[in-house]
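Structure record follows, encoded as structure tokens.
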Protein chains: 2
Amino acid sequence: MSNQTIPLDAETKAIEMPDDHRDELRLWLRLLTCSTLIEGEVRRRLRDRFDVTLPRFDLMAQLDKVPGGMTLSDLSKRMMVSNGNLTSLVDRLVASGHIERRVSATDRRAQIIKLTPAGRTEFRTMAAEHEAWIAEIFGGLTQKEHKDLMRLLAKTKLSARNAIMGVAP
Amino acid sequence: MSNQTIPLDAETKAIEMPDDHRDELRLWLRLLTCSTLIEGEVRRRLRDRFDVTLPRFDLMAQLDKVPGGMTLSDLSKRMMVSNGNLTSLVDRLVASGHIERRVSATDRRAQIIKLTPAGRTEFRTMAAEHEAWIAEIFGGLTQKEHKDLMRLLAKTKLSARNAIMGVAP
DNA sequence: CACAATTATTTTAAGCATAAAATAATTGCA
DNA sequence: TGCAATTATTTTATGCTTAAAATAATTGTG
């Protein structure tokens with residue numbers, strides 16, 4: 001009996017799921033749903049509370065880390081967005097008084113941009129609230145779950161990187 | 001001795017981390033990184049292999065589930081994007097021959113859109129490869145890790161929903 | 001030194017996304 | 001029936017995003 005059930009199961013599998021990747025797809029969709037859900041809420045709150053978009057917030061977050069400011073190229077590498085993207089984003093943040101640009105003293109092609117004092121103050125206020133929102137959103141997880149999720153996501157990231165870049169980086 | 005260390009620790013904590021939410025922030029950034037990394041790779045492959053964008057792929061995926069097609073409003077609810085967004089997206093997919101639109105027989109305001117036979121065939125080819133990509137990307141996780149991550153993301157989603165909508169849905 | 005290659009940034013063209021206003025058709029109800 | 005409210009879609013204005021081409025300055029090398 002058991003010597004029949006084994007090939008039968010294998011065949012059934014082969015017919016019903018010629019190459020079953022639906023579980024991975026479900027996992028990906030769940031990850032994406034979480035991410036989209038949270039990101040959307042963050043965008044909404046940033047807009048409602050501070051009338052700021054996420055890209056502007058992200059840009060200011062990068063500048064806040066480096067008091068002396070940095071060039072557009074540095075910023076584009078850190079933010080992992082295209083150079084052209086930053087041009088207009090920076091323009092708008094300069095117009096609203098959050099950041100300032102000046103031509104580099106040593107390289108006339110380059111511009112150093114940095115937060116204005118007002119921009120820094122406003123960013124810090126927003127960042128503090130933002131942190132509290134995130135804590136609230138993840139508040140339903142226990143410390144252990146938090147830790148486990150952290151580890152599993154680290155492993156997911158590695159797995160994805162391997163698939164993307166090939167096994168050798 | 002122990003009756004002194006307890007208040008001291010509490011005070012130290014209060015000074016160093018007036019409200020420490022940095023761990024949650026790290027968790028969120030890791031989740032976002034994973035999601036962005038994978039989504040970017042999927043976009044890249046869809047473009048390189050099939051010259052299609054993710055929004056177009058997503059739209060066709062929805063239509064593939066419902067052979068009879070659906071209205072723009074239904075589609076916008078399913079895809080969770082704005083109605084206005086779909087207008088141009090649908091226009092382009094009609095222009096490329098992937099989908100077709102016809103005015104509803106019962107409601108002259110509404111349009112039913114559905115995949116053309118060619119659109120369906122092309123989508124199925126893309127979807128099969130897409131599934132394999134995802135399986136490859138998550139291939140570094142064991143079955144147990146897969147299962148654990150699934151569960152933790154489900155819990156994260158619930159936690160986020162509670163934070164977003166308040167405890168009562 | 002000259003000039004080719006590189007680097008920093010901007011511009012352009014196209015697509016995706018939203019919110020809000022406009023248009024058009026249907027439905028409910030007095 | 002008539003007309004107000006609702007529903008389906010499109011349009012408009014704005015912003016984010018990219019890739020690719022253009023512009024401008026610097027650097028390395030013969």
Side-chain angles (χ1 to χ4, degrees), chain A residues 32 35-37 39-48 50-62 69-96 98-99 101-113, chain B residues 32 35-37 39-48 50-62 69-96 98-99 101-113:
Chain A
L32 186 59
S35 180
T36 305
L37 185 67
E39 188 179 322
E41 182 64 11
V42 168
R43 282 182 198 271
R44 198 169 304 120
R45 293 189 187 191
L46 282 175
R47 187 170 73 103
D48 293 351
F50 302 112
D51 194 30
V52 78
T53 63
L54 189 52
R56 287 178 209 207
F57 179 81
D58 287 344
L59 193 155
M60 287 192 269
Q62 292 299 330
M70 67 186 92
T71 65
L72 284 181
S73 290
D74 289 344
L75 191 56
S76 108
K77 273 169 214 139
R78 275 167 173 272
M79 292 181 71
M80 296 194 293
V81 300
S82 68
N83 235 312
N85 187 0
L86 285 184
T87 298
S88 54
L89 197 53
V90 164
D91 283 348
R92 282 187 287 267
L93 279 165
V94 168
S96 62
H98 291 92
I99 69 177
R101 43 165 30 132
R102 60 181 172 70
V103 172
S104 163
T106 58
D107 185 341
R108 274 187 302 168
R109 291 169 305 179
Q111 302 174 20
I112 315 289
I113 60 175
Chain B
L32 187 59
S35 179
T36 305
L37 185 67
E39 187 179 322
E41 182 63 11
V42 168
R43 281 183 198 272
R44 199 170 303 119
R45 293 189 187 192
L46 283 175
R47 187 170 74 104
D48 294 350
F50 302 112
D51 194 30
V52 78
T53 64
L54 189 52
R56 286 179 210 208
F57 179 81
D58 287 344
L59 192 155
M60 288 192 270
Q62 292 298 330
M70 67 185 94
T71 65
L72 284 180
S73 290
D74 290 344
L75 191 57
S76 108
K77 273 168 214 138
R78 274 166 174 272
M79 292 181 69
M80 297 193 292
V81 300
S82 69
N83 236 312
N85 187 1
L86 285 184
T87 298
S88 55
L89 196 53
V90 164
D91 284 348
R92 282 186 289 267
L93 280 165
V94 168
S96 62
H98 291 91
I99 69 176
R101 43 165 33 132
R102 59 181 173 71
V103 172
S104 163
T106 58
D107 185 341
R108 276 186 302 168
R109 290 168 306 180
Q111 303 174 19
I112 316 290
I113 59 175

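Just so we're clear, the structure is a prediction, and the values are computed from it rather than from any experiment. All values below were derived from every heavy atom in this structure, side-chain atoms included, with hydrogens, water molecules and symmetry-related copies excluded. First the proteins, then the strands, lettered A, B, ... as listed; each starts at 1.
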>> If I take atom CZ in residue A:Phe57 and atom C1' in nucleotide D:dG15, what distance separates them, rounded to the nearest angstrom?
In response: 19 Å
> What's the CE-P distance between B:Met79 and C:dA17, to the nearest Å?
Replying inline: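 My rounded result for the distance is 7 Å.
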Looking only at side-chain N and O atoms, does [X] come under 4.0 Å of OP1 or OP2 in [N]?
X: A:Arg108; N: D:dA24; result: no
X: B:Arg47; N: D:dT17; result: no
X: B:Arg43; N: C:dC16; result: no
X: A:Ser88; N: C:dT10; result: no

> What heavy-atom pair brings B:Met70 and B:Gln62 nearest, and what distance separates the two atoms?
Replying inline: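 Reported closest heavy-atom pair: CE-O, 3.6 Å.
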>> If I compare all heavy atoms of B:Ser73 with all of B:Asn83, which pair ends up nearest, and what's the gap?
In response: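 That would be OG-ND2, 3.9 Å.
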>> Mind checking if B:Ser82 touches a base, just sugar-phosphate, or nothing, with heavy atoms under 4.0 Å?
In response: base
>> Considering every strand and a 4.0 Å limit on heavy-atom distances, what is the contact class for B:Thr71: base, sugar-phosphate, or nothing?
In response: sugar-phosphate
>> I'd like to know if A:Asp48 and A:Arg43 make a salt bridge, using a cut-off of under 4.0 Å between side-chain N and carboxylate O.
In response: no
> Does the distance from a Lys or Arg side-chain N to an Asp or Glu carboxylate O, for A:Arg101 and A:Asp91, drop under 4.0 Å?
Replying inline: yes
Closest to side chain of [X], choosing from [options]:
X: B:Asn85; options: D:dT9, C:dA17, C:dA25; answer: C:dA17
X: B:Pro55; options: D:dA8, D:dT26, C:dC16; answer: C:dC16
X: B:Arg56; options: D:dT10, C:dC16, D:dT9; answer: C:dC16
X: B:Thr87; options: C:dT10, C:dT26, D:dT11; answer: D:dT11
X: A:Gln111; options: D:dT11, C:dT9, C:dC16; answer: C:dT9
X: A:Leu89; options: D:dT18, D:dT17, D:dT9; answer: D:dT17

> Which sits closer to the 5' end of DNA chain D, A:Arg109 or B:Leu72, going by the nucleotide each is nearest to?
Replying inline: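 Looking at DNA chain D, the more 5' nearest nucleotide goes with B:Leu72.
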